[in-house]
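Here the structure is a predicted model, which is why all the values come from computation and not from measurement.
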Amino acid sequence: MIFVNLLTSAKRKFNRFWEEKIFRIAVLLHLFYYLLSIILFFTVLSEKNDFLIFYESGKIFLNDINNLYNQTYYLWDFRYFPLSALFFVPFSLIDFRLAFVLFNTLNLFLNFLIIMLLYKIIKIVRGKDHEQNDKRIILYISIYLMGVPHVLNYIYGQINLFITLFILISLLIFLTYKSNVWQFIGSFILGFSIIIKPTSIFLIPFLLILHFDLEKRKLKIDFFKSFIRILGVILPVLSNFVLFAAFPKLWEDFLATNFTGSNPIALNFSYSLTKLITNFCFLYNIPFNQLTILLVSVGIVGGIGFISFVLIRKKQNSILYGYTIGILIMLLTYFDSWDHHLLNLTPLLIIIIFNLPRKTELLNYIKPSLFFFNFFDILFVGIWYLTYPLFPYNFVGTFFLILALFGVIKYCLVKKSSFPNCRS
């Protein structure tokens, strides 16, 4: 009965969305992205996509787990936790082409769930000075569906939408429920997203209920709820270490693939700060240690982001800003940040636009970043390919990541009186 009620409610909401022309255009464009990925797969990309890596990882997990990170098995590296490969075992048991179509169809369905979650979260956090009808929410949901990063996510057969879904579910839980049981469930769901793909791993520190009151010069921490949250998120991640303990070679290969091997120093079009630095050193033959560069980048960017979060003046909905800072830290500091990873960030930026006052100068940092990531970032990937022998720096995306981070940090540090119309 509950499931039927949920489906009925979702259908009613979708019908309401369909009344808006912009949403109909967005859905048709999004279906074009999906169909384009299928056409390209069956014509030119059947052996050049990321899903092939996931598909093979499922087979290797079953038959030869010690070689899960053996690069000779893949076109590109398998870089995720070993239990991520378990998720792809069912797909690896069927024909590869059928598996790709089913997987992308699942991705299409996930986007339907994501826009419903977006709608529900926005209704919860929307400021009092925003329009109280749904038209503007539907506009931004449509903008999300029209986002160009979806093209690459479908074409590559990537798993970013699973991460986005789990992030939004956990965010909705934290915004809606305050009991310890729900705190554990929300963080456990986030931990499950890290198993599938570690993109959200830097969200873990922002689960701490920790606040320093600048006016009173007093540090407050809810030890028990913080412990519940951290326990919830860590348990799924730690389950990977059962496999690492059983198969020590997995741990060595996992570290080499992600941090210490030759792959992190390869020249590519990633827009992270860390990659810009390693590309610079690579081009000019400057000796460097990629792990040191990563740790310094995480220390600086992560330190600034976390301290700002601890100092946040307006604690209502602070978890939203913590999540956003965490994703921004990951995109800015990990070696490889790609266009399709932006699907984990843009929904959070959309939610922030509705949580901030309708007219605030902070939107000058958030809105341009959203529209750049949603429509223009991919252009600079093409430019990189044209210029990389002489200028291997995809820095425009980096600029907008820093711009968005600056806007969120500024929100954290501005006095509460500057936001009289925010929902509290």
Side-chain angles (χ1 to χ4, degrees), residues 17 20-30 32-33 111 114-115 117-119 121-122 125-127 129-131 134-155 158 160-161 163-164 167-168 199 269-273 320-321 323-325 327-332 337-384 394-411:
F17 294 171
E20 301 293 332
K21 182 179 179 180
I22 186 66
F23 183 75
R24 297 197 297 271
I25 293 172
V27 169
L28 292 174
L29 182 60
H30 196 88
F32 170 74
Y33 294 162
N111 263 322
I114 286 168
I115 64 173
L117 285 167
L118 263 178
Y119 176 82
I121 294 171
I122 289 171
V125 306
R126 181 171 56 183
D129 61 339
H130 286 257
E131 298 88 335
D134 291 344
K135 289 179 70 72
R136 192 160 172 265
I137 300 179
I138 296 171
L139 170 64
Y140 275 88
I141 284 175
S142 302
I143 288 170
Y144 165 76
L145 287 177
M146 291 188 287
V148 178
H150 287 292
V151 177
L152 293 183
N153 195 70
Y154 282 127
I155 288 175
Q158 259 290 343
N160 298 291
L161 295 178
I163 313 308
T164 301
I167 287 175
L168 293 181
T199 308
F269 55 83
S270 167
Y271 46 73
S272 74
L273 277 173
L320 165 62
Y321 295 88
Y323 270 31
T324 307
I325 292 172
I327 293 295
L328 285 167
I329 292 170
M330 171 59 81
L331 295 177
L332 276 168
S337 296
W338 314 120
D339 190 78
H340 51 78
H341 293 154
L342 295 169
L343 293 174
N344 302 144
L345 175 64
T346 52
L348 296 173
L349 295 181
I350 289 172
I351 297 168
I352 285 176
I353 286 172
F354 283 88
N355 185 239
L356 289 173
R358 184 72 169 85
K359 298 185 184 299
T360 172
E361 57 93 15
L362 292 180
L363 291 174
N364 295 333
Y365 307 108
I366 305 300
K367 274 189 176 182
S369 300
L370 170 65
F371 282 92
F372 175 81
F373 296 143
N374 214 52
F375 297 112
F376 302 109
D377 181 74
I378 195 170
L379 296 177
F380 292 89
V381 174
I383 292 172
W384 185 89
N394 184 13
F395 66 92
V396 182
T398 319
F399 168 79
F400 281 97
L401 286 175
I402 294 172
L403 187 70
L405 181 62
F406 181 80
V408 175
I409 288 174
K410 192 169 182 180
Y411 169 85

My understanding is that only residues two or more places apart in sequence, or in another chain, count here; which of them pass ring pair (Phe, Tyr, Trp, His ring centres under 6.0 Å) with Y321? Y411
Heavy-atom distance under 4.5 Å between the side chains of T199 and I167, does that happen here? no
Taking it one step at a time, do N394 and I383 satisfy side chain to side chain contact (heavy atoms under 4.5 Å, CB included)? CA-CA 8 Å; N394 184 13; I383 292 172; over 6 Å; no
Roughly how far, to the nearest 0.5 Å, is CD1 of I329 from OG of S272? 13.5 Å
Is it true that H30 and Y154 share a donor-acceptor pair across their side chains at a distance under 3.5 Å? yes
Can you tell me how far apart CG (L168) and CD1 (I121) are? Round to the nearest 0.5 Å. 4.5 Å
Of all heavy-atom pairs between L331 and S337, which one has the smallest distance, and what is that distance? O-OG, 2.7 Å
Give a yes-or-no answer on whether the side chains of Y33 and N153 include a donor-acceptor pair shorter than 3.5 Å. no
CG of L342 to CZ of F400: how many Å apart, nearest 0.5 Å? 12.0 Å
Nearest non-hydrogen partners of K359 and D129, listed with the distance: N-OD2, 4.2 Å
Reported CD1-to-NZ distance for the pair I138 and K21, which is rounded to 0.5 angstrom: 15.5 Å
Any non-hydrogen side-chain atom of L349 less than 4.5 Å from a side-chain atom of F373? yes
Should L345 and L401 be marked as a side chain to side chain contact (heavy atoms under 4.5 Å, CB included) after you check the CA-CA gap, both sets of side-chain angles, and the distance that decides it? CA-CA 10 Å; L345 175 64; L401 286 175; 3.9 Å; yes
Is there a donor-acceptor pair closer than 3.5 Å between any side-chain N or O of T164 and the backbone N or O of N160? yes
With the side chain counted from C-beta on, respond yes when H341 and I327 share a heavy-atom pair under 4.5 Å apart, and no when they do not. no
side-chain hydrogen bond (donor to acceptor under 3.5 Å, both in side chains) between Y144 and N111, intermediate numbers included: CA-CA 10 Å; Y144 165 76; N111 263 322; 2.6 Å; yes
Using ring centroids (six-membered ring only for Trp), state whether F372 and F380 fall under 6.0 Å. yes
Between Y140 and F354, what is the ring plane arrangement, given parallel below 30°, perpendicular above 60°, and tilted in between? perpendicular
If I compare all heavy atoms of T346 with all of L343, which pair ends up nearest, and what's the gap? OG1-CA, 4.0 Å
Report yes or no: do D134 and Y119 form a side-chain donor-acceptor pair below 3.5 Å? yes
Spacing of CG belonging to L348 relative to CG belonging to L370, to within rounding of 0.5 Å: 11.0 Å
Using ring centroids (six-membered ring only for Trp), state whether W338 and F269 fall under 6.0 Å. yes
Got P149 and D377 here, is their nearest side-chain heavy-atom distance under 4.5 Å? no
Test side chain to side chain contact (heavy atoms under 4.5 Å, CB included) on M146 and F375; report intermediate values, then the result. CA-CA 8 Å; M146 291 188 287; F375 297 112; 4.1 Å; yes
CZ of R136 to CD of E20: how many Å apart, nearest 0.5 Å? 14.0 Å
Step by step, work out the side chain to side chain contact (heavy atoms under 4.5 Å, CB included) result for L405 and Y365. CA-CA 8 Å; L405 181 62; Y365 307 108; over 6 Å; no
Hey, do the aromatic rings of H150 and F32 have their centres closer than 6.0 Å? no
Could you tell me which non-hydrogen atom of I143 sits nearest to which non-hydrogen atom of N374, and how far apart they are? O-ND2, 2.6 Å
Would you say that N355 contacts I122 through its side chain, given a criterion of any heavy-atom pair below 4.5 Å between the two side chains? no
Non-hydrogen side-chain atoms of V151 and H340 separated by less than 4.5 Å: no
Flag, side chain of T398 to backbone of Y271, donor-acceptor distance under 3.5 Å: yes
Set of salt bridge (Lys or Arg N to Asp or Glu O under 4.0 Å) partners for R358, sequence neighbours left out: E131
For S369 versus L403, what's the shortest heavy-atom pair and its separation? OG-CD2, 3.8 Å
